[in-house]
Structure formats: structure tokens, C-alpha cells
Peer 1: 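Starting off with a structure, shown below.
Chain A is the first sequence line, chain B the second, and so forth, proteins listed ahead of strands; every chain is numbered from 1.
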Number of protein chains: 2
Amino acid sequence: MIGDCSATYSGRASSTLDWGERLVLVKSDGSVVIHKREGYEPVNWQPSGCIFDTLIQPDGLLKIRAIRPSSRESLDIRFRSVFLIVELNLADRGDFLLYASEEDMKRAIVKYPSLIEDGFRPTMKEKRQPSGFIDVFGLDKNGDPLIVEIKKGLIRKEAVFQLGRYVSRMREGNPRVRGMIVAPSLGKGTAKLLKTLKLEFKQLSPKTCLDALQKERRARESMLSQRLCAHDD
Amino acid sequence: MIGDCSATYSGRASSTLDWGERLVLVKSDGSVVIHKREGYEPVNWQPSGCIFDTLIQPDGLLKIRAIRPSSRESLDIRFRSVFLIVELNLADRGDFLLYASEEDMKRAIVKYPSLIEDGFRPTMKEKRQPSGFIDVFGLDKNGDPLIVEIKKGLIRKEAVFQLGRYVSRMREGNPRVRGMIVAPSLGKGTAKLLKTLKLEFKQLSPKTCLDALQKERRARESMLSQRLCAHDD
DNA sequence: ACGTCGATCTCGAAC
DNA sequence: GTTCGAGGTCGACGT
């Protein structure tokens with residue numbers, strides 16, 4: 001729908017959106033998105049799972065209420081005028097594939113541990129901890145425990161602290177426990193922080209991991225690029 | 001635009017989206033959003049700042065390329081068929097107001113420190129620290145330093161650790177430093193964690209803060225609610 | 001339901 | 001520019 005509307009949200013916070021022309025998507029899975037003329041993000045929204053209550057008020061204004069029972073949130077949209085309403089049943093069976101996620105790096109490291117360090121033997125993926133997960137856990141060539149924290153982007157202090165907590169906890173039992181951050185690059189102050197907490201850093205990019213996995217990927221990728229990129233200039 | 005399209009993204013990661021019917025928003029600020037029939041989030045997108053390159057390929061397919069120079073990312077959209085194209089110049093001068101954010105709580109506490117504790121005198125907001133910010137800093141009625149960490153939602157362990165780091169650092173210089181979490185509620189394991197780290201908890205809801213601030217807000221709010229909610233059922 | 005974490009997170013603000 | 005923390009984050013996965 002496109003039209004002159006206003007909106008009020010109430011739930012985890014409250015918001016009011018004054019009158020103006022916007023584009024509103026109401027989807028069959030119970031999600032709502034209100035887009036202003038600018039910006040990637042919607043100004044108001046409701047994730048899927050909403051119950052809709054649509055009515056024409058006594059004064060003639062169209063009102064759509066989207067209530068999400070699970071989180072007790074509600075979004076009210078009122079239309080003063082409507083320029084366009086389109087109702088669609090989109091036929092969409094096209095697959096979406098994303099490459100080079102952190103999960104890809106994890107899989108590459110478990111499959112080819114030498115990406116990290118010679119002699120490394122991973123024993124567990126997603127090891128449960130009192131507070132949180134360890135990405136990869138294993139033993140180094142000397143048999144010492146090695147905790148690996150993987151990030152696909154720049155390392156920030158928060159990630160170092162996260163690993164630091166796991167490691168310090170395990171060092172209470174065994175002071176030889178090693179902690180290692182694996183990522184393509186380090187943020188500014190993180191190098192010193194790593195040193196302070198006696199943690200290590202191994203540079204590794206998602207691309208390198210992808211390349212390592214490419215043998216199994218090649219078939220699928222070439223198939224896709226044939227279909228999708230055949231018409232590229 | 002609504003039509004049968006496919007898309008490839010390349011940048012921080014890579015993705016391919018196979019043919020299917022979707023809704024595509026192309027905005028004048030250089031942002032793009034591709035929505036499938038379901039889901040609150042777009043399947044593909046590009047934040048604002050894109051340069052567009054639109055062309056009809058030799059084979060007759062419409063192709064839109066959105067390149068974001070700042071982050072060297074590109075999104076290619078190809079249309080096999082187009083059901084609808086609408087070009088709009090939305091007139092939207094309506095304000096968006098969000099209430100009960102963490103910022104609101106901060107402002108309420110600085111203005112009415114007794115919300116936290118009698119005799120509390122805040123001295124700084126957003127105090128810079130070696131790693132991160134302190135929301136509110138001040139002296140209690142005994143003159144001891146009090147570090148306040150504000151959250152508007154449920155407290156998670158991460159927030160406790162964050163405060164713990166600030167406090168332990170400051171306790172090196174002065175062991176009487178107090179640390180306090182201010183939030184509407186505590187997560188499951190956090191009460192024990194607070195005790196361990198010798199931190200305190202003060203229950204305070206965003207709503208209470210809003211009420212405290214309402215004297216100054218009332219004028220604006222009543223104005224808005226008159227305009228927006230006059231037609232409510 | 002809660003807890004944790006990744007994300008093409010986005011966005012803003014500070015340095 | 002980079003770094004950093006917040007978000008009505010969302011979504012996924014596990015307990």
C-alpha cells in the first residue's frame with residue numbers, strides 16, 4: 001500500500017509517526033514494514049507472527065492494527081488517503097545462497113585444522129560453556145587444550161573479552177590452556193589486549209577458508225553461475 | 001518494482017538469489033531493498049549511498065546494478081519480467097518519535113537521581129573508559145564513587161561483565177567503588193553473578209523514567225495524541 | 001518461554 | 001577513515 005498514513009507502536013518501547021506518504025508492506029506471514037522515502041531500514045515494522053485487525057473507523061479512515069501476541073507488541077497504522085493498493089501472490093521458489101559466513105570458516109577449520117596450526121586436532125565444535133559457546137575446541141601438537149574463537153570480520157575488544165572469559169575459566173583447572181582468535185584482521189587496541197590476557201591471534205580470511213572448501217563447492221557454484229551470470233556484460 | 005528477478009551480491013560476503021517474483025524498492029538516497037513474499041527482513045539489500053547503473057542487456061533483460069563505493073560492495077538485480085513499476089516522490093514531513101529508550105532512562109536518572117538512591121549526585125554522563133563507556137557516574141551520600149550501568153530491558157550476563165570490568169579497574173585505585181546495574185528486571189543467572197562480582201542491582205523501568213520526565217514531555221505528547229489518536233476507537 | 005550468538009547486521013558518534 | 005556500542009535489533013538454535 002502507498003498512501004498518507006500515521007503510525008503508533010507500543011511494546012518494548014513506544015513510538016509515534018506523524019502523517020506522511022509512505023509505502024507499507026503487509027505480508028501473509030504476519031509481518032509489516034513501513035518505508036519512508038529514504039533509508040534502508042523501515043521506520044516502523046512488525047516481525048512475522050502478527051494478527052491483523054483491519055477496519056474503517058467511524059470517521060472513514062482506514063486503520064490496520066498488527067498485534068504480535070508473543071511479545072505483546074502492537075502497531076497501529078492509519079491511512080488518511082491511499083494512492084495504491086496491490087495484492088499479490090508472489091510465485092517465488094528461487095533459492096538464496098550465502099557464501100563466506102562464519103559457519104563456512106568453522107567448517108573449513110574442522111576439516112583442515114592445519115589452516116590454524118600444524119598438529120592441531122579439533123575435538124569439538126560448538127562446545128557448551130557455563131556462559132556461551134566455544135567455536136572450536138581441540139588439542140595442539142603438545143596435547144595442550146586450544147580454544148578457538150572465529151570471527152569473519154574485524155576483531156573488536158568485545159570478542160577478545162568473550163574468549164578471555166572462556167580461557168580464564170579453563171585455566172583455573174589447567175594453566176596451559178591456550179586461547180586463540182582466528183579472524184582476517186585485528187582492531188586497533190586489540191593486539192595489546194590479547195597480549196595482556198595471554199591470548200593468541202591467527203590471521204585467516206573467509207576467502208582462504210572458502211578456497212579450502214572449494215573442491216566440494218565447485219560443482220554447485222559453477223552450476224549457479226551458469227544460470228545467473230550467463231547474461232552479464 | 002514488482003517482477004520476476006534474480007540477484008547476486010558481492011562484497012563482505014557473496015550471495016546468489018535465483019529467479020522468483022519479488023518486490024524491489026530503489027530509493028533516491030541510494031538504498032535498495034528486495035523483499036520476498038514472506039519475512040520482515042529483505043532477502044537482499046544495499047544501504048544508502050549506492051550508485052545505480054541501469055541498463056537493458058543485449059538479450060533484453062533489465063539489469064540494475066547498485067554499487068556502494070565506500071565498502072566496495074555491489075548488488076546486481078536482473079528482471080526477466082516486470083509486473084509493476086511505480087515511481088514516486090513521497091511527501092513525508094512527519095516526525096518520528098521513539099520513547100523509553102535507554103537514553104530516556106539516562107536523562108531521567110541524571111535529572112532525578114533519587115530514582116536510583118537518596119543522596120546520589122551524578123557528576124558525569126557517558127564517562128569515557130579504557131574500554132567502553134560508563135552510563136552514569138557520581139558519588140553516593142557517603143561520597144563513595146558509584147558507577148551506574150543502565151539497561152532498558154532484561155539484564156544479561158554480558159552487561160554484568162561489562163560493568164564488572166569498569167568497576168574492577170576503578171577498585172584498583174579505590175576499593176570502595178560501587179557498581180550498580182539499573183534495569184527493569186534481571187536475567188536468570190545474573191543475580192548470583194552480581195553477588196560474586198560485588199555489584200548491586202536497582203530495579204527501574206523505562207516507564208517509571210518516562211513518568212518522571214513526563215512533566216516536560218506532556219505538552220508534546222498531548223499535542224501528538226490529539227492529532228494521532230483523535231480517531232481511535 | 002529464556003539464553004546465546006551471528007549478521008552483507010545498520011546506525012550514529014567519537015576519535 | 002576506523003572503532004565502538006546500541007538496537008523495538010532479527011533470526012536461529014538450544015534448553
Peer 1: Give me the distance, rounded to whole Å, that separates D/dC4 from D/dG8 when you measure between the P atoms they each carry.
Peer 2: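 The answer is 23 Å between these two P atoms.
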Peer 1: Using a strict 4.0 Å threshold on nitrogen-to-oxygen distance, state whether A/Lys36 and B/Asp92 make a salt bridge.
Peer 2: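 Yes, A/Lys36 and B/Asp92 are salt-bridged.
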Peer 1: Can you find a side chain N or O atom of A/Trp45 that sits less than 4.0 Å from OP1 or OP2 on D/dC10?
Peer 2: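 For A/Trp45, the contact criterion (side-chain N or O under 4.0 Å from OP1 or OP2 of D/dC10) is met.
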Peer 1: For the atom pair CG (A/Leu98) and OG (B/Ser15), what is the distance rounded to the nearest 0.5 Å?
Peer 2: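 A/Leu98 CG to B/Ser15 OG: 6.0 Å, rounded to 0.5 Å.
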Peer 1: With respect to the phosphate group of C/dA1, does any side-chain polar atom (N or O) of A/Arg72 fall under 4.0 Å of OP1 or OP2?
Peer 2: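 No.
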Peer 1: Of B/Asn44 and A/Pro69, whose closest DNA chain C nucleotide lies nearer the 5' terminus?
Peer 2: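 Nearer the 5' end of the strand: A/Pro69.
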Peer 1: Rounded to the nearest angstrom, tell me the gap between atom CD in A/Glu158 and atom C1' in C/dG6.
Peer 2: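 In whole Å, C/dG6 C1' lies 14 Å from A/Glu158 CD.
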Peer 1: Let me know, please, whether A/Asp135 or B/Leu186 comes out on the 5' side of the other along DNA chain C by nearest nucleotide.
Peer 2: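 Its nucleotide being nearer the 5' end, the pick is B/Leu186.
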Peer 1: Compare every heavy atom of A/Ile34 with every heavy atom of A/Ala7, then report the nearest pair and how far apart it is.
Peer 2: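 Minimum heavy-atom separation between A/Ala7 and A/Ile34: CB-CD1, 4.0 Å.
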Peer 1: On DNA chain D, does the nearest nucleotide to A/Glu73 precede the nearest nucleotide to A/Arg156 from the 5' side, or the other way round? Give the residue.
Peer 2: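 Nearer the 5' end of the strand: A/Arg156.
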Peer 1: Just compare C/dT10, D/dT3, D/dA6 and give me whichever is closest to any side-chain atom of A/Leu154.
Peer 2: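 The nucleotide sitting nearest to the side chain is D/dT3.
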Peer 1: Roughly how far apart are A/Leu199 CG and A/Phe201 CZ, rounded to 0.5 Å?
Peer 2: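 Answer rounded to 0.5 Å: 12.5 Å.
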Peer 1: Of all the heavy-atom pairs spanning B/Leu204 and B/Cys209, show the shortest one and how long it is.
Peer 2: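 The answer is CD2-SG, 3.6 Å.
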Peer 1: Would you classify A/Ser70 as touching base, sugar-phosphate or nothing, given that sugar-phosphate means primed atoms plus P, OP1 and OP2, and contacts are heavy atoms under 4.0 Å?
Peer 2: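 Sugar-phosphate contact only.
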Peer 1: B/Glu41 CD to C/dT10 P: how many Å, rounded?
Peer 2: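 Atom-to-atom, B/Glu41 to C/dT10, this comes out as 11 Å.
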Peer 1: Can you tell me how the ring of A/Tyr40 sits relative to the ring of B/Trp45, calling it parallel under 30°, perpendicular over 60° and tilted otherwise?
Peer 2: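 Aromatic pair A/Tyr40/B/Trp45 classed tilted.
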Peer 1: Let me know the distance between CE of B/Met105 and P of D/dA6, rounded to the nearest Å.
Peer 2: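 Rounded to the whole Å, the gap is 13 Å.
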Peer 1: Among D/dA6, D/dG8, C/dC11, find the nucleotide with the atom closest to the side chain of B/Pro47.
Peer 2: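 So the nucleotide nearest the side chain must be C/dC11.
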Peer 1: Under 3.5 Å, side chain of A/Gln46 to main-chain N/O of A/Ala66, donor-acceptor pair present?
Peer 2: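 Yes, A/Gln46 side chain to A/Ala66 backbone: donor-acceptor pair under 3.5 Å.
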Peer 1: Measuring to OP1 and OP2 of C/dG6, would you say a side-chain N or O of B/Arg12 lies under 4.0 angstrom away?
Peer 2: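 Negative; the distance criterion is not met.
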Peer 1: How would you label the contact of A/Phe96 with the nucleic acid (heavy atoms, under 4.0 Å): base, sugar-phosphate, or nothing?
Peer 2: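 Since a base atom lies under 4.0 Å of A/Phe96, the category is base.
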Peer 1: Hey, does the side-chain of B/Tyr9 have a donor or acceptor N/O within less than 3.5 Å of a partner on the base of C/dT8?
Peer 2: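 Indeed there is one.
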Peer 1: Would you classify A/Glu102 as touching base, sugar-phosphate or nothing, given that sugar-phosphate means primed atoms plus P, OP1 and OP2, and contacts are heavy atoms under 4.0 Å?
Peer 2: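 Since only primed, P, OP1 and OP2 atoms lie under 4.0 Å of A/Glu102, the category is sugar-phosphate.
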Peer 1: Could you state the NZ-P distance from B/Lys188 to D/dG14, rounded to the nearest angstrom?
Peer 2: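 Distance, rounded to whole Å: 19 Å.
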Peer 1: Looking at every strand, decide which applies to B/Gly187 at a 4.0 Å heavy-atom threshold: base, sugar-phosphate, or nothing.
Peer 2: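 B/Gly187: backbone/sugar contact only, no base atoms under 4.0 Å.
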Peer 1: Please determine whether any donor N or O and acceptor N or O are separated by less than 3.5 Å between the side chain of A/Gln46 and the base of D/dG8.
Peer 2: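 It does, because a donor-acceptor pair links the side chain of A/Gln46 to the base of D/dG8 below 3.5 Å.
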Peer 1: Heavy atoms under 4.0 Å, any strand shown: does B/Leu75 hit a base, just sugar-phosphate, or nothing?
Peer 2: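 Nothing, no heavy atom under 4.0 Å.
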Peer 1: To the nearest angstrom, how far is B/Ile155 atom CD1 from C/dG3 atom P?
Peer 2: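 After rounding, the gap between these two atoms is 11 Å.
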Peer 1: Without decimals, in angstroms, what is the distance between B/Lys36 NZ and D/dG11 P?
Peer 2: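 Those two atoms, NZ and P, are 14 Å apart.
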Peer 1: If I take atom CD1 in residue A/Ile134 and atom C1' in nucleotide C/dC5, what distance separates them, rounded to the nearest angstrom?
Peer 2: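 Answer to the nearest Å: 14 Å.
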Peer 1: Could you check whether B/Gly11 gets within reach of a base, just the sugar-phosphate, or nothing at all, counting any heavy atom under 4.0 Å?
Peer 2: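 The residue B/Gly11 makes no contact with any strand.
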Peer 1: Measure the distance from CD on A/Glu103 to C1' on C/dT8 and round it to the nearest whole Å.
Peer 2: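 My rounded result for the distance is 17 Å.
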Peer 1: Report yes if at least one side-chain N or O of A/Lys157 is closer than 4.0 Å to OP1 or OP2 of D/dC4; otherwise report no.
Peer 2: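 A/Lys157 to D/dC4 OP1/OP2: side-chain N or O found under 4.0 Å.
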Peer 1: Taking OP1 and OP2 of D/dT9, is either one under 4.0 Å from a side-chain nitrogen or oxygen of A/Tyr40?
Peer 2: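 Answer no for this pair, as no side-chain N or O of A/Tyr40 is under 4.0 Å from OP1 or OP2.
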Peer 1: Report yes if at least one side-chain N or O of A/Lys152 is closer than 4.0 Å to OP1 or OP2 of C/dC9; otherwise report no.
Peer 2: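 Yes, A/Lys152 has a side-chain N/O under 4.0 Å of OP1/OP2 on C/dC9.
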